[in-house]
Amino acid sequence: MLNYQAPLKDMHFILNEVFETEKVWHENTTLSDTLDYATAADILEECARFASNELFPLNRSGDETGLKFQQGAVGTPAGFKEAYELWAKNGWSGFTGDPTYGGMGMPKTLAMFVEEMLFAANTSFALYPELTGGAIHLISTHAGETLKADYLPKLHAGTWSATMCLTESHCGSDLGLLTTSAVPQQDGTYKISGEKIFISGGEHDLSENIIHLVLARLPDAPEDVKGISLFLVPKFLINKDQECGEKNRVECIGVEHKMGIRAASTCVMRFEEAEGYLIGKPHQGLAVMFSMMNYERLSIAMQGLGLGDISYQTALLYAKERIQGKDLHSHSGKTRTTIIHHGDVRRMLMTMKSFNEGGRAFACYAASWFDKACYAKTSDAKRSALNRLSLLTPVVKAFITDIGFETCVLGQQVLGGHGYICEWGQEQYVRDARIAQIYEGTNGIQSLDLLMRRICADNGEEYKRFTAEISTFLSECQDEILQPLVHKLQSALTDMDTVTQHFIALPEKKRLMVINASACEYLHLFGYVAYAYMWLKMAAVARSVLTRNTTDDHSFYEAKLKTACFYHMRLLPRIKGLMESLLAEEDAVADFSEEMFMAGITA
């Protein structure tokens with residue numbers, strides 16, 4: 001049976017050869033003070049061992065056992081607590097945290113690959129530290145010095161963990177409807193009261209304390225989202241020694257029974273005049289929370305990618321072992337063969353490989369902009385990086401998780417009936433991948449964010465800078481062997497420009513409904529083009545290495561070239577159908593009445 005093998009060679013190829021991250025760290029950011037590539041390589045190798053040896057063996061048993069909920073307490077499956085203690089002991093919890101408060105100060109480009117390995121090996125486990133990482137980023141960015149000093153060291157140490165508390169039973173994506181209240185006290189604290197649902201890691205037995213970041217309304221709050229503030233609400237209040245003191249008035253009143261991620265606690269949390277502390281300014285809580293949400297969106301993309309990779313590894317092993325059908329290449333046509341020799345299985349495996357490796361490169365590319373936004377040496381460079389990151393984040397989150405789910409389904413299909421039963425794990429990967437398209441802002445909302453706020457709102461200015469970067473790369477790519485790929489990507493870029501200008505030019509009255517009905521398809525078009533750009537960059541590096549004959553591993557670089565060709569010739573053409581749909585002049589979506597939806601159902 002399979003044991004997860006982290007794709008370290010591909011990670012090193014992307015980091016070191018495609019994006020030359022050490023050069024970027026030294027020339028464009030302040031990260032060179034704390035990091036070199038040798039250190040980065042050691043970090044990835046150590047995480048790979050942890051994921052393979054500690055987490056993957058707990059994945060299936062954790063899914064089958066699930067959680068124990070009794071009198072407000074949540075128990076995680078056997079082995080989870082020991083694995084978490086080892087994770088914390090080795091310093092992983094504060095991986096990207098501020099060294100001033102005990103963090104490691106590592107870049108998001110490395111953190112994305114660490115997260116991929118965790119999600120691939122054990123998605124349920126990964127969700128506990130992943131939420132803490134986002135909370136650390138928010139507190140570091142927006143909290144006052146007292147809160148930083150009180151909470152960051154323990155969060156970095158992993159002895160405390162964190163959550164984000166947004167959703168209520170009557171409001172999900174429409175946070176303007178939330179009713180949780182915050183009443184100011186004379187000592188500067190606030191009494192938080194309300195009920196939150198779908199809280200990942202809201203209660204568990206892995207850490208000593210759980211720090212909740214809660215959206216709530218002050219008594220004088222304006223209506224809608226302009227009246228939301230953000231509060232830090234600990235499970236246990238802390239004493240003067242910064243240790244856990246008395247229990248705060250926070251309680252888990254239930255856990256959700258879910259399709260997947262069954263070993264990850266998803267809780268209903270009740271706050272009854274719980275003591276909380278304001279982060280940021282009053283009524284600006286949603287803007288502050290977005291710093292965590294966007295951090296998490298990049299991380300959740302790695303859930304889709306990690307599960308796609310473990311599904312590929314499982315499908316590949318099965319395809320190499322499963323004897324079924326006749327060998328079409330044998331002269332007699334009677335010899336039975338393993339299914340990896342069948343064309344349709346090869347198509348599925350190559351599609352999975354194309355998506356995984358393209359997604360890994362795209363995730364690294366986006367994370368590099370995150371690092372520049374945090375660590376660039378000038379304010380102009382930081383602002384420029386933040387603009388690019390804002391454009392890319394919804395695509396990274398939605399496209400990688402959509403494609404990750406498709407990849408898991410393909411992996412299940414390779415195994416046939418064995419993919420539907422529990423033995424090989426493929427059905428769990430499908431179940432665990434599905435939620436990534438829903439939480440941290442549904443992929444439909446990500447698509448609206450891309451097209452409405454990131455493109456139409458500024459008349460496509462940042463979009464044009466991104467596509468200009470691709471055009472420059474195409475003009476510089478002179479290798480004769482790569483010209484068919486260059487022409488494919490150039491054609492796709494022209495198609496995407498046509499569609500983008502179509503939406504920008506829509507009259508304002510018509511734009512809202514049309515974009516609402518088209519945004520998901522547009523995001524996919526954008527994603528396919530972005531992956532093609534990544535694949536051409538990887539192919540160019542592979543060609544250079546093979547031409548110089550500077551490697552002993554020719555098969556790795558040859559596989560890159562062939563996979564790049566497969567992606568451009570077999571998968572990139574999907575945008576043709578998307579383009580035709582997006583440019584269609586039809587009003588059925590807007591004109592379809594509620595009664596028409598019921599037509600044929602009722603007598």
Side-chain angles (χ1 to χ4, degrees), residues 1-15 38-67 75-96 104 106 110-133 156-159 161 201 204-207 260-264 299 302-303 305-318 320-321 356 360 408 411 422-426 428-429 432-433:
M1 294 297 287
L2 177 78
N3 185 37
Y4 170 64
Q5 299 295 316
L8 290 176
K9 185 172 184 62
D10 197 48
M11 291 176 177
H12 290 312
F13 169 73
I14 291 168
L15 285 166
T39 303
D42 290 342
I43 287 169
L44 293 177
E45 188 170 337
E46 182 59 34
C47 184
R49 281 195 291 268
F50 178 79
S52 297
N53 298 338
E54 306 296 334
L55 297 187
F56 188 69
L58 302 175
N59 188 47
R60 181 175 171 182
S61 61
D63 179 70
E64 292 175 344
T65 302
L67 303 159
T76 53
F80 270 51
K81 189 171 179 61
E82 291 77 9
Y84 183 85
E85 288 173 353
L86 182 59
W87 168 266
K89 180 181 178 181
N90 290 337
W92 291 103
S93 186
F95 189 69
T96 59
M104 292 174 65
M106 293 293 109
L110 283 185
M112 294 283 270
F113 289 158
V114 168
E115 289 164 345
E116 180 194 340
M117 289 186 270
L118 297 191
F119 279 119
N122 193 322
T123 294
S124 286
F125 179 92
L127 288 166
Y128 294 104
E130 187 267 327
L131 263 295
T132 302
H156 288 158
T159 50
S161 60
H204 54 76
D205 58 0
L206 302 180
S207 62
I261 55 169
R262 291 175 175 170
S299 299
M302 307 316 284
Q303 179 177 344
L305 180 60
L307 286 163
D309 188 59
I310 188 62
S311 181
Y312 173 72
Q313 291 188 31
T314 304
L316 180 61
L317 176 64
Y318 183 87
K320 290 167 66 177
E321 294 180 350
N356 287 339
R360 188 171 295 122
C408 290
C422 296
E423 180 183 2
W424 283 80
Q426 291 285 39
Q428 182 188 346
Y429 304 146
D432 285 354

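Small disclaimer: the values here were computed from a predicted structure and weren't measured.
The two residues Asn356 and Gly308 come nearest to each other via the heavy atoms ND2-O, 3.2 Å. For the residue pair Thr123 and Asn59, the shortest heavy atom distance occurs at N-OD1, 4.1 Å. Smallest separation of non-hydrogen atoms from Met11 and Met117: CE-CG, 3.8 Å. Residues Leu110 and Ala40 come closest through the heavy atom pair CD1-CB, 3.6 Å. Counting all heavy atoms, side chain and backbone alike, Ala83 lies closest to Leu58 at CB-CD1, 4.0 Å. Taking all atoms of both residues into account, the shortest heavy-atom contact from Ala48 to Leu8 is CB-CD1, 3.8 Å.
Ring geometry for Tyr84 against His204 counts as tilted: the plane angle lies between 30° and 60°, on a 0 to 90° scale. Using bins of under 30°, 30° to 60° and over 60° for the plane-to-plane angle, the ring pair Trp424/Tyr318 lands in the perpendicular bin.
Here the CZ atom belonging to Phe119 is positioned 10.0 Å from the OG atom belonging to Ser124, to the nearest 0.5 angstrom. Within the model, atoms CD of Glu82 and CD of Glu54 stand 10.0 Å from one another, a figure rounded to the nearest 0.5 Å. Here Met106 contributes atom CE and Ile43 contributes atom CD1; the two are 5.0 Å apart, rounded to the nearest 0.5 Å. The distance from the CG atom of Leu55 to the CZ atom of Phe50 is 4.0 Å, given to the nearest 0.5 Å. With values rounded to the nearest 0.5 angstrom, Ile310 atom CD1 is found 9.0 Å from Gln5 atom CD. Residue Gln428 holds its CD atom at 8.5 Å from CZ of Arg60, rounded to the nearest 0.5 Å.
At a threshold of 4.0 Å, the pair Glu45-Arg49 counts as salt-bridged, since one of the basic side-chain nitrogens sits closer than that to a carboxylate oxygen.
Ser207 is not listed as a side-chain neighbour of Thr159, based on a closest heavy-atom distance of 4.5 Å or more. Side-chain contact check for Arg360 versus Asp309: some heavy-atom pair is nearer than 4.5 Å. Taking 4.5 Å as the limit, every side-chain heavy atom of Met302 sits out of range of all side-chain heavy atoms of Leu118.
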**OP:** Start with the C-alpha distance between Ser161 and Leu206, add both sets of side-chain angles, then the distance that settles side-chain contact (heavy atoms from CB on, under 4.5 Å), and finish with yes or no.
**Re:** CA-CA 8 Å; Ser161 60; Leu206 302 180; over 6 Å; no

Subject >> side-chain contact (heavy atoms from CB on, under 4.5 Å) assessment of Tyr4 paired with Asn122 >> reply: CA-CA 10 Å; Tyr4 170 64; Asn122 193 322; over 6 Å; no

Original post:
Can Gln426 and Ser311 be said to form a side chain to side chain donor-acceptor pair (under 3.5 Å), step by step?
Top reply: CA-CA 6 Å; Gln426 291 285 39; Ser311 181; 2.9 Å; yes

**OP:** Verify side-chain contact (heavy atoms from CB on, under 4.5 Å) between Asp42 and Glu46, making sure each step is shown before the conclusion.
**Re:** CA-CA 6 Å; Asp42 290 342; Glu46 182 59 34; over 6 Å; no

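Without hydrogens or angle criteria, Gln303 side chain to Asp432 main chain gives a donor-acceptor distance under 3.5 Å. Checking side-chain atoms of Glu116 against main-chain N and O of Leu305 turns up no donor-acceptor pair under 3.5 Å.
Atom NZ of Lys320 sits in a sparse spot, with 12 or fewer heavy atoms from other residues, nucleotides or ligands closer than 6.0 Å.
Checked options Phe113, Trp92, Phe95; the residue passing with Cys47 is Trp92 (criterion: side chain to side chain contact (heavy atoms under 4.5 Å, CB included)).
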